[in-house]
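The block underneath contains the structure these notes are about, expressed in structure tokens.
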Amino acid sequence: MTAFSLDPVQTAWCAELRALAEERLRPLAEKGEPGHVNRALVAELGRLGLLARLFTSGALDLCLMRESLARGCTEAETALALQGLGAHPVHAYGTRAQRERWLPRVADGSAVAAFALSEPGAGSDAAALALRADRDDARAPTSAPGPGEAAPAARGASPVAPGAAPGVPGAVPAASGVVPAVPGTLPAHPGSSPAASGVAPGVVPAASGTVPAGPGPSVVEAQESPVAERDGWGSWRLSGEKCWISNAPEADFYTVFARTTPGAGARGVTAFLVPADRPGLTGTPLDMLSPHPIGALAFDAVPVTADDVLGEPDRGFRVAMHTLNLFRPSVGAFAVGMAEAALAATLTHTAGREAFGGRLKDLQTVAHQVAEMAMRTEAARLMVYAAAAAYDEGAPDVPRRAAMAKLLATETAQYVVDAAVQLHGARALRRGHLLEHLYREVRAPRIYEGASEVQRAVIAKELYASVEAP
């Protein structure tokens, strides 16, 4: 793979994103209610055109967005990432009807998406899913609203502020499959992924029998008649639990992974698009260390049909892994953004803080610590960019590179933020301090979307796969 560096246009775009995060997005984040979806923030990301870019950008652009936003506003970064994670399976594997109904509303910020993979007994072991999809011989009809209608939050969810819920008057209907360009959106730059070439910035092409070209090499064809229906699959009832689901229980739809074939491991999982208003679907918020909207979902014979399948029955594990391979490097980018923010704060603090008859920066132990923080942050950033570039090029070693990037970047960010807290002293532990915020934020990325131990296992498996057995 060729050496990598950002061009001046990309660098300027990142600076613009950082400024927007600080000036327009952070004030909205500060007004949000901890533990709940900040719909005003999501809507602003839509107005800026950043959500639409999730469907026209490659992995590198996604990393640049997440790193830049994290530097100025971690809440905005997380809101953007969760929209992408929840909606990418619809974009890459959905039917025309699924895409036309949901993608425009995800892009303009009027619908909130969620990725429902983890379970109480199957967090890191994604192939051990226990949520059952039992065949429904009666083929009972679902209560899903028709195209263009709103899907309320799952029963048991906290109420949404008046006027903030999707589907209110003035919401853009998902009738054409095209995400309307939004006034004031950020311009595209020449560094966009080849996968997005020929696509107007901020626009998802109308469905014409194929899924819009999106990030990653595994774009599949859309089906006018779902594969599940053609193969004789009809309908199912989902029964079981999901846990640690970001945006639950307030999301408007969920990408849900359930077991359709018992005892088949990864080969017996199917991905479903489940609107939040389906009967039998309820949710409970969870009180986490960092107050993000995260909850548990309970499925009590929730009806789904062939029209809700993403991809093909029993092939949902591929949908999950394709999505995670795209987003793992960008989790690393999120971590790098936090490390950069911590490093910048530390440079300012140690350059001005008087101690022991001089400035902190004049103490060799301090200066060497800061140098170590900077070196590790830069190394992590470059590995993240390299993994993203490999994904955009369709390289064969994407799983290994993605795992390496996430592992190095998240472990590095933990180190850098912790070192920054140490050099700031007690002031960094005060509620409301930037580093107090980052200290709570930085811990979770080492766990979600594959814990560090899982990343090491992936790396080792990929390495040994190239070695012939004796």
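These numbers come from a predicted model, not from an experiment. Side-chain atoms are counted along with the backbone in the values below, which use heavy atoms only and exclude waters and symmetry mates.
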Item to check | Donor-acceptor contact present, side-chain Asp392 to main-chain Ala59, <3.5 Å | outcome: yes
Item to check | Under 3.5 Å donor-acceptor, Arg26 side chain and Gly72 backbone | outcome: yes
Checklist entry - Considering all heavy atoms of both residues, which atom of Pro291 and which atom of Arg440 are nearest to each other, and what is their separation? => result CD-NH1, 3.3 Å
Item to check | Phe115/Phe257 aromatic ring centres below 6.0 Å | outcome: yes
Next on the checklist: Between Leu64 and Leu6, does the side chain to side chain contact (heavy atoms under 4.5 Å, CB included) criterion hold? Intermediate values first, please.
Outcome noted: CA-CA 10 Å; Leu64 297 182; Leu6 295 181; 3.9 Å; yes
Next on the checklist: Return the CG to CG distance between Leu238 and Asp136, rounded to the nearest 0.5 Å.
Outcome noted: 10.5 Å
Checklist entry - Within the side chain of Arg278, is there an N or O that forms a donor-acceptor pair under 3.5 Å with the backbone of Pro303? => result yes
Item to check | Taking every non-hydrogen atom, the tightest pair across Ala266 and Phe317 | outcome: O-CB, 3.3 Å
Checklist entry - Can you say whether the rings of Phe253 and Trp102 are parallel (under 30°), tilted (30 to 60°) or perpendicular (over 60°)? => result tilted
Checklist entry - Can you tell me how far the CZ atom of Arg132 sits from the CZ atom of Phe299, to the nearest 0.5 Å? => result 12.5 Å
Checklist entry - Can you tell if the side chain of Val370 reaches within under 4.5 Å of the side chain of Lys361, non-hydrogen atoms only? => result no
Item to check | Side chains of Leu131 and Arg259 in contact at under 4.5 Å (non-hydrogen atoms) | outcome: no
Item to check | Non-hydrogen atoms of Leu41 and Ala29 that approach each other most closely | outcome: CD2-CB, 4.3 Å
Next on the checklist: Do Thr410 and Phe334 have side chains that approach each other closer than 4.5 Å (heavy atoms only, starting at C-beta)?
Outcome noted: no
Checklist entry - Does the side chain of Glu340 reach to within under 4.5 Å of the side chain of Arg381, using non-hydrogen atoms? => result yes
Checklist entry - Side chains of Thr260 and Phe272: closer than 4.5 Å at any heavy-atom pair? => result yes
Next on the checklist: Go through it in stages, so that I can follow the logic: the residues are Val42 and Gln83, the test is side chain to side chain contact (heavy atoms under 4.5 Å, CB included), and I'd like the CA-CA distance, side-chain angles, deciding distance and then a yes or no.
Outcome noted: CA-CA 9 Å; Val42 174; Gln83 287 288 85; 3.8 Å; yes
Item to check | Contact summary for Leu434 and Ala341, nearest pair of heavy atoms | outcome: CD2-O, 4.2 Å
Item to check | Approximate separation, where rounding is to 0.5 Å, of Leu17 CG and Met65 CE | outcome: 8.0 Å
Next on the checklist: Could you go through Leu62 and Leu326, starting from their C-alpha distance and side-chain angles, then the distance that decides it, and tell me whether this counts as side chain to side chain contact (heavy atoms under 4.5 Å, CB included)?
Outcome noted: CA-CA 9 Å; Leu62 179 59; Leu326 168 62; 4.3 Å; yes
Checklist entry - Atom CE of Met338 and atom CZ of Arg71: how far apart are they, to the nearest 0.5 Å? => result 13.0 Å
Item to check | Side-chain heavy atoms of Leu51 within contact of Val106, under 4.5 Å | outcome: no
Next on the checklist: Using side-chain heavy atoms (C-beta onward) and a distance below 4.5 Å, is Arg376 in contact with Glu411?
Outcome noted: no
Item to check | Nearest-0.5 Å distance that lies between atom CE in Met375 and atom OG1 in Thr377 | outcome: 9.5 Å
Checklist entry - Are the side chain of His424 and the backbone of Ala420 linked by a donor-acceptor contact shorter than 3.5 Å? => result yes
Next on the checklist: Counting only heavy atoms not in Glu372 (residues, nucleotides, ligands), do more than 12 fall under 6.0 Å from its CD?
Outcome noted: yes
Item to check | Backbone of Asp134 reached by a side-chain donor or acceptor of Arg237 within 3.5 Å | outcome: no
Checklist entry - Taking Ser235 for the side chain and Val304 for the main chain, is one N or O donor matched with an acceptor at less than 3.5 Å? => result no
Checklist entry - Is a side-chain donor or acceptor of Thr255 paired with a backbone partner of Leu273 at a separation under 3.5 angstrom? => result no
Item to check | Ion pair Glu436/Arg430, N-O distance below 4.0 Å | outcome: no
Checklist outcome for this item: Between Ala76 and Leu45, the two heavy atoms sitting closest are O-CD1, 3.7 Å
Item to check | From CE (Met383) to CE (Met404), nearest 0.5 Å | outcome: 6.0 Å
Checklist entry - Is a side-chain N or O of Asn325 found less than 3.5 angstrom from the main chain of His322, in a donor-acceptor match? => result no
Checklist entry - Would you call Glu22 and Arg18 a salt bridge, using N to O less than 4.0 angstrom? => result no
Item to check | Test item: Arg328 side-chain N/O and Thr323 main-chain N/O as donor-acceptor pair under 3.5 Å | outcome: no
Item to check | Min side-chain heavy-atom separation Pro285-Pro249 under 4.5 Å | outcome: yes
Next on the checklist: For Thr346 and Gln369: C-alpha separation, side-chain torsions, deciding distance, then whether side chain to side chain contact (heavy atoms under 4.5 Å, CB included) applies.
Outcome noted: CA-CA 10 Å; Thr346 302; Gln369 178 77 80; over 6 Å; no
Checklist entry - For Leu324, does its backbone N or O pair with a side-chain atom of Glu449 as donor and acceptor, under 3.5 Å? => result no
Item to check | Minimum heavy-atom distance between Pro329 and Ala405, given as atom pair plus value | outcome: CA-CB, 4.4 Å
